[in-house]
Enquirer: 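The structure follows.
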Amino acid sequence: MNSKTNLASVYDPHTLEKEVYRRWEESDSFSPSGDGESYCIMIPPPNVTGSLHMGHAFQNTLMDALTRFHRMKGRKSLWQAGSDHAGIATQMVVERLLLAEGESRTELGREKFIDKVWEWKANSGGTITNQLKRLGASLDWSRERFTMDEDLSTAVREVFVSLYEEGLIYRGKRLVNWDPVLKTAISDLEVISEEEHGFLWHFKYPISNSSEHVVIATTRPETMLGDTAVAVHPDDERYAHLVGKTVILPLIDREIPIIADDYVDSEFGTGCVKITPAHDFNDFAVGERNNLEVINVMTPEANIDLAGTPYHGLNRTQARAKVLEDLTQLDLIDKVENHKYKVPRGDRTDQVIEPFLTDQWFVKVKPLAEPAIEAVKNGSIKFVPKNWERTYFDWMENIEDWCISRQIWWGHRIPAWYDEHGNVFVARSEDAAMQKAKAVHGDIEIHLRQDEDVLDTWFSSALWPFSTLGWPKKTEELEFFYPTNVLVTGFDIIFFWVARMIMFGLKFADDIPFHEVYIHGLVRDAEGQKMSKSKGNILDPLDLIDGIDLENLVAKRTRGLMQPDLVPKIEEATRKQYPDGIPAFGTDALRFTFARLATQGRDIRFDLNRIEGYRNFCNKLWNAARFVLMNCKGVRPYSVDEFQPATTAEKWIVSKLHETTLTIEQSFAIYRFDIASKHLYEFIWDEFCAWFIEIAKVMLRDESVDEQCKNSLRKTLLMVLDATVRLLHPLMPYITEEIWRKIRAENEDNSIMFQDFSSDRSQWADADERATEEMDWMKAVVSNVRNIRSDMNMKPGERVAAYCHSNNPKDLEYFQNNLSCIMELSKLKSLEKLNDSDIQSMNMSNTISALINEFRIIVPVQEITDFDEQIKRLEKDIDTQTIQIRRSNSKLENQQFLTKAPADIIDKERTRLASSQKELAELIARREKLTEMMIQ
RNA sequence: GGGUGCUUAGCUCAGUUGGUAGAGCGCCGCCCUUACAAGGCGGAGGUGGUAGGUUCAAUUCCUACAGCGCCCACCA
């Protein structure tokens with residue numbers, strides 16, 4: 001019996017959490033159940049190569065809280081699990097592993113390499129999903145999906161073919177962002193441009209048949225090998241006479257025209273620009289306008305590809321050096337200036353990206369973007385916080401076609417087949433392509449070759465909200481859960497993912513993919529730095545849950561660094577910051593910390609002090625539960641109907657509970673996890689523990705309190721604890737499950753996960769005003785006595801006698817009702833009520849008194865040693881009140897204020913003035929008293 | 001260059017229809033009181049980035065400026 005109803009004496013999250021999660025999983029608690037309205041969240045599928053970082057932990061805590069909240073509210077809830085094949089990232093990981101074993105991707109060949117990737121996925125791909133379980137994530141694992149699953153691949157082909165047939169996917173030779181290390185095209189979004197130091201070189205290009213030359217400026221000397229024109233602004237009078245003439249391109253001796261084009265900024269450099277259409281996006285556009293030749297001078301590796309020249313085979317750096325050297329020899333360098341400019345680098349490789357002319361597949365995005373813009377404009381989809389909508393519009397309204405082909409192997413292969421003549425057949429399968437081919441060629445033998453490229457990973461991600469639910473099949477799940485309720489994600493993938501899901505959802509699933517988009521901030525370290533491996537400031541959420549010793553932490557932070565020379569610095573910083581490693585805080589504390597920090601529109605700084613505080617909060621709750629369970633043995637869990645609070649304190653705590661419940665429900669509805677967690681914390685710690693339990697202790701111990709009343713108290717203790725853990729469950733699933741199961745120990749198999757989040761207790765709110773007034777009065781009396789005690793340096797345990805006086809009937813009633821609580825909570829030996837004549841005759845020297853409304857409480861004191869300090873403190877309070885009175889007076893004397901301010905504000909000001917005056921009188925009296933005592 | 005966010009107690013941050021400010025941690029003092037020292041009680045600490053404006057009244061609305069940050073953009 002005891003083991004069943006008692007909680008372990010020490011809060012130990014570690015064993016508790018594993019056991020609880022195991023039970024949930026075994027009882028299949030995460031699948032949608034019940035017959036309520038649908039609630040659905042799609043997990044942003046983590047990369048299959050990933051491991052859980054703080055961002056994931058934060059984001060998934062919020063999603064889990066939402067899912068649990070709505071599940072408890074009775075909705076049939078699905079949190080869809082799954083992961084993303086992450087084309088480039090995964091290919092790089094597996095390639096690196098192969099390399100370590102002495103194998104290479106190219107030697108292995110496409111088929112075998114892909115087999116290797118699947119093999120790797122089977123062995124190591126589940127890391128992050130297992131880590132999510134440690135977070136308490138109630139994802140429906142039975143529905144777990146992978147973007148390369150057969151069903152999802154079918155969806156990808158379906159979408160591709162449909163778009164192609166509609167003319168919204170096309171293939172073409174375009175200048176694209178080319179990563180020369182990966183040797184693939186990447187999208188605009190995958191290019192990160194950062195300002196770097198460089199030079200602006202001024203070259204002299206000789207004018208044909210003339211001794212003159214023009215001076216052009218460039219940051220990329222090596223691309224001059226591919227120049228096909230020099231351009232000036234049409235209105236630039238300095239060069240007007242040159243337009244139409246030609247220059248001889250140095251080193252190559254190619255004759256190229258001088259043209260006029262608006263693109264040129266006359267103010268910049270010399271006002272003459274070299275035009276290299278094959279290696280610059282702007283120049284490409286200029287070339288198209290002016291019918292310039294497009295000369296590619298680079299290989300896919302970004303080496304110079306000019307057979308017969310001395311530059312052939314040189315890489316970019318070498319080529320630049322040689323071009324500069326050769327031009328110097330020819331005295332064609334006019335000058336060199338320092339120059340800051342933006343260098344585009346690939347987000348995966350950090351290598352300089354080249355504009356490169358290749359055949360690629362593109363999505364024509366504008367027609368898709370229009371309805372997607374409209375969906376947000378008309379409020380069908382709401383961003384939270386709303387200001388992200390502007391970011392969304394800015395991008396969507398200026399959207400460029402999306403390059404979706406990638407020259408890698410791991411991914412969805414493009415469903416396009418070519419015959420020997422270069423005809424392309426886009427179809428859902430090779431057979432279907434063959435049929436299309438035969439329709440063209442007749443029934444002859446045709447050899448089809450599938451396109452080598454795969455699709456951008458984000459292409460399949462864009463389908464995630466409906467492909468995971470079975471689309472293109474019309475499944476029940478699709479019907480029931482789509483559109484989903486909310487997407488929880490970071491601002492960094494609004495363009496990559498959110499926008500594309502909206503476009504594709506509207507296009508193919510005939511509806512928006514989600515009603516709301518909750519954008520959360522970035523998790524940074526305690527100093528506000530972005531967490532990154534190379535900074536060595538990464539916190540692993542699992543280390544916060546389980547704890548980690550210093551040596552392991554150092555090892556973890558310094559292992560596998562891209563720049564090994566950073567090791568000593570990182571080690572030193574880590575040893576300094578965590579001399580004792582990181583203690584175990586437990587999942588609930590971590591989750592609560594995230595919730596508490598999740599303020600809107602702001603990044604969050606993760607500070608260990610914060611999580612420690614919330615670990616303490618878990619401990620507080622744990623011990624409060626222990627107290628309740630210990631004192632309520634044999635008390636049957638109440639039902640709402642039979643609940644009838646007997647005492648004022650009960651009425652008060654129940655109305656507080658009701659108030660808290662409402663706040664939390666409202667907060668969840670607007671994604672204010674910070675507000676919800678704040679109110680939970682305050683209710684539990686400052687109301688339930690600090691006052692109600694303390695009152696209950698007094699009354700349960702008080703022999704004059706009858707048994708019926710005590711039983712009512714016990715029921716209320718249990719009832720409030722029960723209700724509280726349910727309110728807390730979405731944020732702290734483990735500890736609340738454990739406590740709740742002890743409360744409801746009669747039913748082993750049940751889980752808090754499926755209990756009502758809150759019952760309708762609105763009828764209890766009626767009790768609150770009276771009860772709250774009385775409780776506030778009692779708290780004020782106790783606080784005042786405590787204050788006097790502390791000021792007078794009385795020992796906390798020392799019982800003192802006290803007296804009180806009031807002629808107000810209400811005070812006297814409250815006094816009667818709360819006598820034992822006041823005495824116990826303020827550690828009084830006695831509390832004698834004085835009448836008017838007692839007060840008159842009483843020797844008030846050596847006493848300190850306080851006034852609560854009209855209720856005066858008088859505490860005799862001895863042995864005051866620090867009069868000066870006490871008087872100084874009083875004088876400060878006197879000053880404060882004096883200033884307040886002056887301020888109130890000046891307001892109340894201001895005719896403008898009296899005529900223009902609303903009546904309630906004026907009343908409030910009058911009340912404030914009155915209470916300040918009363919307070920001031922008290923303070924002055926106390927000061928007089930002290931002065932008097934000091935003189936004695 | 002365009003956009004956007006932030007600037008409130010030592011630190012990290014709250015403050016939703018304008019009525020002069022709160023929390024956690026830290027700090028100071030007293031306590032191991034039978035749920036909890038991962039605790040209890042009490043306390044100190046803020047000219048709300050700067051300068052104007054609107055208003056009886058501004059942390060809250062408007063303008064300008066400063067500092068920090070982020071996003072977007074084709075200036076060689």
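Every chain is numbered from 1, with letters handed out A, B, ... down the list of sequences. As the structure is a prediction and not an experimental result, all values here were calculated from the model.
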Enquirer: Just the table, please: protein N/O against nucleotides 67-72 of chain B N/O, every pair under 3.5 Å.
Expert:
none

Enquirer: How far, in whole Å, is B:G42 from B:A23 if one measures between their P atoms?
Expert: 13 Å
Enquirer: Strictly below 4.0 Å, heavy-atom distances to any atom of RNA chain B: list the hits from residues 662-678 of chain A, or just say none.
Expert: A:Arg672, A:Ile675
Enquirer: Can a salt bridge be assigned to the pair A:Glu824 and A:Arg799 using a cut-off of 4.0 Å between side-chain N and carboxylate O?
Expert: yes
Enquirer: Specify the residues of residues 610-623 of chain A, ordered by number, for which at least one heavy atom lies under 4.0 angstrom from an atom of RNA chain B.
Expert: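 A:Arg610, A:Arg615, A:Asn616, A:Asn619, A:Lys620, A:Asn623, in order of number.
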Enquirer: With sequence neighbours left out, what residues match A:Arg672 under salt bridge (charged side-chain N to carboxylate O under 4.0 Å, His left out)?
Expert: A:Asp674
Enquirer: When the aromatic ring centroids of A:Phe383 and A:Trp388 are compared, is their separation below 6.0 Å?
Expert: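 When the ring centroids of A:Phe383 and A:Trp388 are compared, they turn out to be at least 6.0 Å apart.
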Enquirer: Taking only the C1' atom of each, what is the distance from B:C75 to B:C61 in whole angstrom?
Expert: 39 Å
Enquirer: On RNA chain B, compare the nucleotides closest to A:Lys340 and A:Tyr681; which residue's is nearer the 5' end?
Expert: A:Tyr681
Enquirer: Base, sugar-phosphate or nothing for A:Arg701? Non-hydrogen atoms, less than 4.0 Å.
Expert: nothing
Enquirer: Please enumerate all residues that pass salt bridge (charged side-chain N to carboxylate O under 4.0 Å, His left out) together with A:Arg220, with sequence neighbours excluded.
Expert: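 Scan of A:Arg220 (salt bridge (charged side-chain N to carboxylate O under 4.0 Å, His left out), adjacent residues dropped) gives A:Glu222, A:Glu354.
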Enquirer: With a 4.0 Å cut-off on heavy atoms, is A:Trp685 in touch with a base, just the backbone sugar-phosphate, or nothing at all?
Expert: sugar-phosphate
Enquirer: Please confirm whether the shortest side-chain N or O distance from A:Thr599 to OP1 or OP2 of B:C13 is below 4.0 Å.
Expert: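 Answer is no, no contact under 4.0 Å.
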Enquirer: Decide, yes or no, whether a salt bridge links A:Asp791 with A:Arg873 under the criterion of side-chain N to carboxylate O below 4.0 Å.
Expert: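 Salt bridge flag = yes for A:Arg873 with A:Asp791.
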Enquirer: Output the single nucleotide from B:G19, B:A35, B:A38 whose closest atom is nearest the side chain of A:Cys689.
Expert: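 Given the options B:G19, B:A35, B:A38, the side chain of A:Cys689 is closest to B:A35.
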Enquirer: Please list, chain by chain and in numerical order, all residues satisfying salt bridge (charged side-chain N to carboxylate O under 4.0 Å, His left out) with A:Arg626, sequence neighbours excluded.
Expert: none
Enquirer: Please determine whether a side-chain nitrogen or oxygen atom of A:Arg390 lies at a distance below 4.0 Å from atom OP1 or OP2 of B:U4.
Expert: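 Checking B:U4 against A:Arg390, a side-chain N or O does come within under 4.0 Å of OP1 or OP2.
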Enquirer: How would you label the contact of A:Gly271 with the nucleic acid (heavy atoms, under 4.0 Å): base, sugar-phosphate, or nothing?
Expert: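 Contact class for A:Gly271: base.
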Enquirer: C1' atom, B:A14 versus B:U8: distance in rounded Å?
Expert: 10 Å
Enquirer: Do A:Arg238 and A:Asp236 sit within salt-bridge range, that is, some charged N less than 4.0 Å from a carboxylate O?
Expert: yes
Enquirer: Where the side chain of A:Ala690 is defined as all heavy atoms beyond and including C-beta, which of B:A38, B:U12, B:C41 is the nearest nucleotide?
Expert: B:C41
Enquirer: Name all pairs fulfilling the ring pair (Phe, Tyr, Trp, His ring centres under 6.0 Å) condition that reach into residues 684-703 of chain A, sequence neighbours left out, sorted by first residue then second.
Expert: A:Tyr681-A:Trp685
Enquirer: To the side chain of A:Asp394, which of B:G3, B:A35, B:G19 is closest?
Expert: B:G3
Enquirer: For B:A9 and B:G22, measure between their P atoms and round to the nearest Å.
Expert: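 It works out to 14 Å between them.
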Enquirer: What nucleotide, of B:G43, B:G5, B:C56, holds the atom closest to the side chain of A:Arg873?
Expert: B:G43
Enquirer: Side chains of A:Gln884 and A:Ser916: do they bring a donor and an acceptor to under 3.5 Å?
Expert: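 Their side chains do not contain a donor-acceptor pair, so the 3.5 Å distance test is not met.
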Enquirer: When only distance counts, do a donor and an acceptor, one from the side chain of A:Gln600 and one from the base of B:A14, lie under 3.5 Å apart?
Expert: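 By the distance-only test, no, there is no pair.
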Enquirer: Counting heavy atoms not belonging to A:Glu798, are there more than 12 under 6.0 Å from its CD?
Expert: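 Yes, because the 6.0 Å sphere around CD of A:Glu798 holds more than 12 heavy atoms from other groups.
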Enquirer: For A:Lys697, report the nucleic acid contact type (base, sugar-phosphate, nothing); a contact means any heavy atom under 4.0 Å.
Expert: base
Enquirer: Name the nucleic acid region contacted by A:Val264, choosing base, sugar-phosphate or nothing; use a 4.0 angstrom heavy-atom cut-off, strictly under.
Expert: base
Enquirer: Can you tell me how far P in B:G24 sits from the matching atom in B:G40, rounded to whole Å?
Expert: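 Rounded to whole Å, the distance is 11 Å.
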Enquirer: Take the protein atom CG of A:Asp265 and the nucleotide atom P of B:G1, then report the distance between them rounded to whole Å.
Expert: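 The distance from CG of A:Asp265 to P of B:G1 comes to 14 Å, rounded to the nearest Å.
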Enquirer: Can you find a pair of side-chain heavy atoms, one from A:Ile258 and one from A:Val247, that are under 4.5 Å apart?
Expert: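 Touching, per the 4.5 Å side-chain cut-off.
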Enquirer: Report which part of the nucleic acid A:Phe281 touches: base, sugar-phosphate, or nothing (heavy-atom distance under 4.0 Å, all strands).
Expert: nothing
Enquirer: Would you confirm whether A:Asn398, through its side chain, and A:Asp394, through its main-chain N or O, come within 3.5 Å as a donor-acceptor pair?
Expert: yes
Enquirer: In whole angstroms, how far is the C1' atom of B:A21 from the CZ atom of A:Arg912?
Expert: 12 Å
Enquirer: Just by distance, do the side chain of A:Asp702 and the backbone of A:Val698 share a donor-acceptor pair under 3.5 Å?
Expert: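 Not a single qualifying donor-acceptor pair exists.
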Enquirer: In plain terms, say whether A:Lys535 and A:Glu527 are close enough for a salt bridge, that is, a side-chain N and a carboxylate O under 4.0 Å apart.
Expert: no
Enquirer: Determine which pairs satisfy side-chain hydrogen bond (donor to acceptor under 3.5 Å, both in side chains) with at least one residue from residues 896-911 of chain A, sequence neighbours left out, and list them in order.
Expert: A:Ser888-A:Glu909
Enquirer: Listing request: all side-chain hydrogen bond (donor to acceptor under 3.5 Å, both in side chains) pairs with a residue in residues 588-598 of chain A, at least two apart in sequence or in separate chains.
Expert: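 The answer is A:Asp64-A:Arg591.
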Enquirer: On a plain distance test, is the side chain of A:Lys900 in donor-acceptor contact with the base of B:A57 below 3.5 Å?
Expert: no
Enquirer: Let me spell it out: for each of A:His339 and A:Pro13, pick the nucleotide of RNA chain B with the closest heavy atom. Which residue's pick is nearer the 5' end?
Expert: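 Going by which nucleotide is closer to the 5' end, it is A:Pro13.
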Enquirer: Parallel, tilted or perpendicular: which fits the ring planes of A:Phe673 and A:Tyr671, with parallel below 30° and perpendicular above 60°?
Expert: tilted
Enquirer: Return yes if a side-chain donor-acceptor contact under 3.5 Å exists between A:Thr663 and A:Gln666, otherwise no.
Expert: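 On atom types as modelled, these side chains do not qualify, holding no pair under 3.5 Å.
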Enquirer: Which nucleotide, B:C74, B:C56, B:A38, lies nearest any side-chain atom of A:Val10?
Expert: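 The closest nucleotide is B:A38.
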Enquirer: Without decimals, in angstroms, what is the distance between A:Arg605 CZ and B:G24 C1'?
Expert: 16 Å
Enquirer: Can you list the residues that meet the salt bridge (charged side-chain N to carboxylate O under 4.0 Å, His left out) rule with A:Glu682, with sequence neighbours excluded?
Expert: none
Enquirer: Taking A:Glu17 for the side chain and A:Thr587 for the main chain, is one N or O donor matched with an acceptor at less than 3.5 Å?
Expert: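 Answer holds: yes.
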Enquirer: Which ranges of RNA chain B pair up as stems, where a stem means three or more consecutive Watson-Crick or G-U pairs with both distances under 3.5 Å?
Expert: B:1-7 with B:66-72, B:10-13 with B:22-25, B:27-31 with B:39-43, B:49-53 with B:61-65
Enquirer: Could you go through nucleotides 28-31 of chain B and list every protein N or O atom that sits under 3.5 Å from one of its N or O atoms, giving the distance for each pair?
Expert:
residue: B:C31; atom: OP1; partner: A:Lys795; partner atom: NZ; Å: 2.9

Enquirer: Kindly say if A:Arg602 contacts the phosphate of B:U7, meaning a side-chain N or O under 4.0 Å from OP1 or OP2.
Expert: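 A:Arg602 to B:U7 OP1/OP2: side-chain N or O found under 4.0 Å.
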Enquirer: For A:Asp607, which contact category applies under a 4.0 Å heavy-atom criterion: base, sugar-phosphate, or nothing?
Expert: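 A:Asp607: no heavy atom of the nucleic acid under 4.0 Å.
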Enquirer: Could you state the atom-to-atom distance from CZ of A:Phe688 to C1' of B:C36 in whole Å?
Expert: 13 Å
Enquirer: Taking the P atom of each, how far is B:A37 from B:C25, in whole Å?
Expert: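 Taking atom P in both B:A37 and B:C25, they lie 16 Å apart.
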Enquirer: Return the nearest nucleotide to the side chain of A:Pro902; candidates are B:U12, B:C74, B:G19.
Expert: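 Looking only at side-chain atoms, A:Pro902 lies closest to B:G19.
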Enquirer: Whole angstrom is fine here: how far is it from NZ in A:Lys827 over to P in B:C41?
Expert: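 These atoms are roughly 11 Å apart.
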Enquirer: What's A:Glu694 touching, base or sugar-phosphate or nothing? Going by heavy atoms closer than 4.0 Å.
Expert: base
